[in-house]
Amino acid sequence: MAIVSDAATTSSEEQRRAAGPQVWPPGTQLVGGSANLKGSSLRPFFIYNSLSRSVEEFIALDRDRVTYYSCGPTVYLRQHLGNMRSYIFADTLKRALEFNGYAVRHVMNITDVGHMTSDEDAGEDKVEKTARAEGRSPQEVAHFYRDLFLADLNVLNIEMPEVICAASDHIADMIALIARILERGFAYVAHSGVYFDVEKYRGANRRGRLSRQSLDEQHAGQRLEHAPDKKSPHDFALWVLNQPTHLMQWDSPWGRGYPGWHIECSAMAMKYLGATIDIHSGGIDHVPIHHENEIAQSESATGRPFVRYFVHHAFLVGMEGAKISKSAGKFPVLEDLIRARVNPLAFRLFCLSAKYRSELVFSIDAVRAAERNLYYLYGFAASAPVEEADSPWTQAYRERFQAALNDDLNTPEALAVVLEMVNKAYRDNDRRICGTLKQFDRVLGIRLAEQFEYLKRLKVPADIQALIDERAQARSKKDFGRSDELRMQLQARGWEAKDNRDGTSEYMPRWN
RNA sequence: GGCGGCGUACCCAAGUGGUUAAGGGGGAGGUCUGCAAAACCUCUAUGCAGCGGUUCGAAUCCGCUCGCCGCCUCCA
């Protein structure tokens, strides 16, 4: 039984590190998939690894290819802004790696079965609970909220993961994985389900690595009165049996039932990324239970390390410092921002204004502050000389930008670099920074590139054009009363007038 | 009870042993302008919850105190 010990992991890690720089000396230009990223080269990228509780240099298992699994949504409710911070974080991590020349294979799950509530005695599947409440089938509920979720990703300009996989499409993979765990003796079959044998696994001394909590310290099982046929209250379900009221059931070698929540991530991560994946990310709340259990299951089945870098982000919190959570009932969603006439991409920028490991205090005003930055950048891009080559001085900003990202994803610092560069471009009246800005936007993801051609592509409606023409006439006759009146009319229709010093005027619609 | 985190200006937020404590928002003043907007410039924390300690030197390390929060049970 080859459960790899911590010591073994460390030594192979050291070997890898020692070998790394020889394969990829700083400054090496990449070819192939990363060749389009001019100017970015594989440099040391540091990230906080929850497994070691320290910032480590990231070294991919396979040179410049990264396998990345991030926790996706349970599709029983609209994802709120706290959730969206999570996906923006995952997307930013991926983009930062790509900026460094890595090719990232990103897998995200969609949980549509097996994620239980714990309010009631028996517990209830979250998707089914919503289905009952809304009078729809679990599939309808899952699809409905999945589609809303995907739409939100699109609105926030989050890149689609290479694989998005639903748990219910991978029942067979989960059954196969459970069978392997059983074969290896780390699980047992009881009347109420197939359970992972934590006591047995503890002998291998792996569980508790993430949370640093011994099982005895946890008050595990204290409030879980069901499933009396578990050997130990710490044991968790791999497959649930004999729950006839459950709507979603599948046949298995152990009887009809449905999978436990944790097993899907192990099964799908390993199916699409292999037994050992480079990065696994998720919310900090998943450290003690969900990810701990994932590790236990996966490594029991394969005898190999499951995840090399576990990365956890902190919460978006409300103004009283309390977490914005589903169980609390009230939480803002993307539509609340749109209803408040805030550009959703401002929320993206807002998320980047804090480090992923820090709690971020949410307020509409704070997002509006980020929106000012968004439009500052848009305003610059809309009139920037795209066709000209960048000035040499931009190189220093590119270096600083990358250095910030590579320092444990310090996006606030990176953002500061971007703003300082644009400020310098304005101040020195040297606007040849578009190429660099476009590169930055590959990480920022605020659709900046689209703004460069904005004015040229702009179609002015005839009625707006009529107002513009009349205003030009009024201004030429120095009829400023009429001119201001027309400005107000244009404003009411969403168009802003901007008068230049030379007497010309520019008109563009408001962004939001 | 156990584990973990936080407290930096009016607001958001970097910085975690060593030049003037990033950046943004907001505010004040100014340049430009018919006005407005945009942009630019100047100013806006002798101090980083409080009190001790270590150090040549601390927001940064240690101790205590106060306040806030998360997890241990579904949660990003």
Side-chain angles (χ1 to χ4, degrees), chain A residues 53 70-74 76-77 79-90 115-119 123-126 129 208 211-224 261 281-290 312-328 349-350 352-363 365-373 375-376 379-380 383 404 407 410-420 422-423 425-429 475 478-481 483-484 487-488 491 496-501 503 505-506:
Chain A
R53 294 199 172 184
S70 70
C71 286
T74 302
Y76 71 109
L77 275 179
Q79 294 287 289
H80 56 68
L81 289 178
N83 298 126
M84 297 326 285
R85 183 191 188 193
S86 176
Y87 308 121
I88 289 170
F89 155 70
H115 197 165
M116 311 301 281
T117 66
S118 66
D119 320 313
E124 198 178 358
D125 185 288
K126 289 185 167 190
K129 188 179 180 186
S211 63
R212 301 290 158 93
Q213 278 188 291
S214 79
L215 291 171
D216 303 325
E217 284 166 347
Q218 295 181 11
H219 294 194
Q222 198 165 258
R223 291 167 55 186
L224 302 175
W261 173 41
S281 74
I284 195 157
D285 53 325
H286 279 151
V287 170
I289 303 291
H290 182 49
H312 293 100
H313 69 268
F315 285 119
L316 183 70
V317 299
M319 285 195 276
E320 273 77 53
K323 132 177 129 158
I324 298 173
S325 71
K326 290 173 188 171
S327 40
L349 217 45
F350 168 68
L352 298 181
S353 75
K355 286 205 61 176
Y356 73 94
R357 287 198 285 132
S358 299
E359 284 183 345
L360 175 57
V361 180
F362 173 82
S363 69
D365 285 343
V367 180
R368 286 218 171 91
E371 190 179 39
R372 300 279 302 185
N373 289 323
Y375 291 153
Y376 176 73
F380 179 89
S383 60
D407 178 18
N410 192 337
T411 52
E413 172 72 23
L415 199 52
V417 171
V418 176
L419 293 169
E420 283 175 34
V422 174
N423 175 258
Y426 269 126
R427 172 160 34 86
D428 299 348
N429 198 26
R475 292 193 75 227
K478 302 228 182 285
D479 182 357
F480 296 121
S483 167
D484 291 348
R487 189 217 303 278
M488 295 295 280
Q491 219 159 33
E496 294 289 340
K498 179 180 159 190
D499 298 333
N500 298 318
R501 262 198 271 176
S505 302
E506 292 174 59

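Owing to the predicted nature of the structure, the values given are computational and were not obtained by experimental measurement. Quick note: numbers below take in every heavy atom, side chains included, and nothing from hydrogens, waters or symmetry partners. Below, chain A is the first sequence line, B the second, and so on; all start at residue 1.
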| said: I need the NZ-C1' distance between Lys355(A) and U8(B), as an integer number of Å. | reply: 16 Å
| remark: Output for pair (Leu349(A) CG, Leu415(A) CG), nearest 0.5 Å, gives 5.0 Å
| query | So which nucleotide from A14(B), C35(B), C12(B) ends up closest to the side chain of Val361(A)? | reply | C12(B)
| Selection from C12(B), C74(B), A37(B) that lies nearest to any side-chain heavy atom of Ser353(A) | C12(B)
| query | Taking the same atom, C1', in A28(B) and in C71(B), what whole-Å distance lies between them? | reply | 45 Å
| Straight-line distance of Phe350(A) CZ to Asn373(A) CG, nearest 0.5 Å | 12.0 Å
| said: Under 4.0 Å from OP1 or OP2 of C11(B): is there any side-chain N or O of Ser363(A) that close? | reply: no
| said: Just verifying a value: how many Å separate Tyr76(A) OH and Lys129(A) NZ, rounded to the nearest 0.5 Å? | reply: 8.5 Å
| Gap between atoms CG and P, on Asn410(A) and A22(B) respectively (whole Å) | 15 Å
| message | Taking the C1' atom in each of G27(B) and A45(B), what is the distance between them to the nearest angstrom? | response | 15 Å
| query | Atom CZ in Arg85(A), atom OH in Tyr356(A): separation rounded to 0.5 Å? | reply | 11.0 Å
| message | Using modelled atom types and a 3.5 Å cut-off, is there a donor and acceptor pairing between side-chain atoms of Asp484(A) and backbone atoms of Gly481(A)? | response | no
| field | Separation of A39(B) C1' from Arg372(A) CZ (nearest whole Å) | value | 12 Å
| Sugar-phosphate only, base, or nothing, as touched by Ser358(A) at under 4.0 Å among non-hydrogen atoms | sugar-phosphate
| message | So, taking the atom named CD in Glu496(A) and the one named CZ in Arg487(A), what distance separates them when rounded to the nearest 0.5 Å? | response | 9.0 Å
| task | Extract the stems that RNA chain B is part of, considering only consecutive pairing runs of at least three Watson-Crick or G-U wobble pairs, both distances under 3.5 Å. | result | B:1-7 with B:66-72, B:10-12 with B:23-25, B:26-31 with B:39-44, B:49-53 with B:61-65
| Among G34(B), G4(B), G23(B), the nucleotide that comes nearest once only the side chain of Glu420(A) is considered | G23(B)
| If you measure from the ring centre of Tyr426(A) to the centre of the six-membered ring in the base of A39(B), is it under 5.5 Å, with the planes under 30° apart? | no
| query | To the nearest 0.5 Å, what is the distance between CG (Asp285(A)) and CZ (Phe315(A))? | reply | 3.5 Å
| query | Donor-acceptor pair under 3.5 Å: do we get one between Arg427(A)'s side chain and the base of C41(B)? | reply | no
| task | Find the distance Glu359(A):CD to A14(B):P and express it as a whole number of Å. | result | 11 Å
| request: Ignoring backbone atoms, test whether Tyr376(A) places a side-chain nitrogen or oxygen under 4.0 Å from the OP1 or OP2 oxygen of C40(B). | output: yes
| message | Does Asp484(A) reach a base, just sugar-phosphate, or nothing at all? Heavy atoms under 4.0 Å. | response | base
| Earlier contact from the 5' end, RNA chain B, for Ala366(A) and Ala370(A) | Ala366(A)
| note | Side-chain contact check for Asn423(A): nearest option of C40(B), A22(B), C12(B) is C40(B)
| Distance, rounded to the nearest Å, where Asn373(A) contributes CG and A38(B) contributes P | 14 Å
| query | In whole Å, what separates the C1' atom of U16(B) from that of G2(B)? | reply | 27 Å
| said: Work out how far the P atom of U55(B) is from that of A13(B), and round it to whole angstrom. | reply: 36 Å
| Can you tell me how far C1' of G4(B) sits from NE2 of His313(A), to the nearest Å? | 16 Å
| Side-chain donor/acceptor of Asn410(A) to backbone N/O of Glu413(A), under 3.5 Å | yes
| Check: Asp499(A) side chain, C35(B) base, donor-acceptor under 3.5 Å | yes
| query | In whole angstroms, how far is the P atom of G5(B) from the NE2 atom of His312(A)? | reply | 14 Å
| query | Does any N or O in the side chain of His313(A) come within less than 3.5 Å of the main-chain N or O of Ile284(A), such that one atom is a donor and the other an acceptor? | reply | no
| field | Interatomic distance at P, G4(B) relative to A9(B), whole Å | value | 27 Å
| query | Expressed as a whole number of Å, how far does the C1' atom of C64(B) sit from that of C12(B)? | reply | 31 Å
| query | If you check every side-chain atom of Arg475(A), which of G34(B), A38(B), G24(B) has the closest atom? | reply | G34(B)
| message | Tell me the interatomic distance from Leu349(A), atom CG, to G25(B), atom P, rounded to whole angstroms. | response | 11 Å
| said: Using a heavy-atom cut-off of 4.0 Å across all strands, would you classify Arg487(A) as base, sugar-phosphate, or nothing? | reply: base
| said: If you assign Gly283(A) and Tyr356(A) each to the RNA chain B nucleotide with the nearest heavy atom, which residue ends up on the more 5' nucleotide? | reply: Tyr356(A)
| field | Rounded distance in Å between the P positions of C56(B) and G15(B) | value | 28 Å
| said: Keeping Ser505(A) on the side-chain end and Asp499(A) on the backbone end, is there a donor-acceptor pair under 3.5 Å? | reply: no
| said: Using a 4.0 Å heavy-atom cut-off, does Ala497(A) contact any base of the nucleic acid, only the sugar-phosphate backbone, or nothing at all? | reply: base
| field | Distance between P atoms of A59(B) and U46(B) (Å, rounded) | value | 13 Å
| query | When all nucleic acid strands are considered with a 4.0 Å heavy-atom cut-off, which category describes Leu415(A): base, sugar-phosphate, or nothing? | reply | nothing
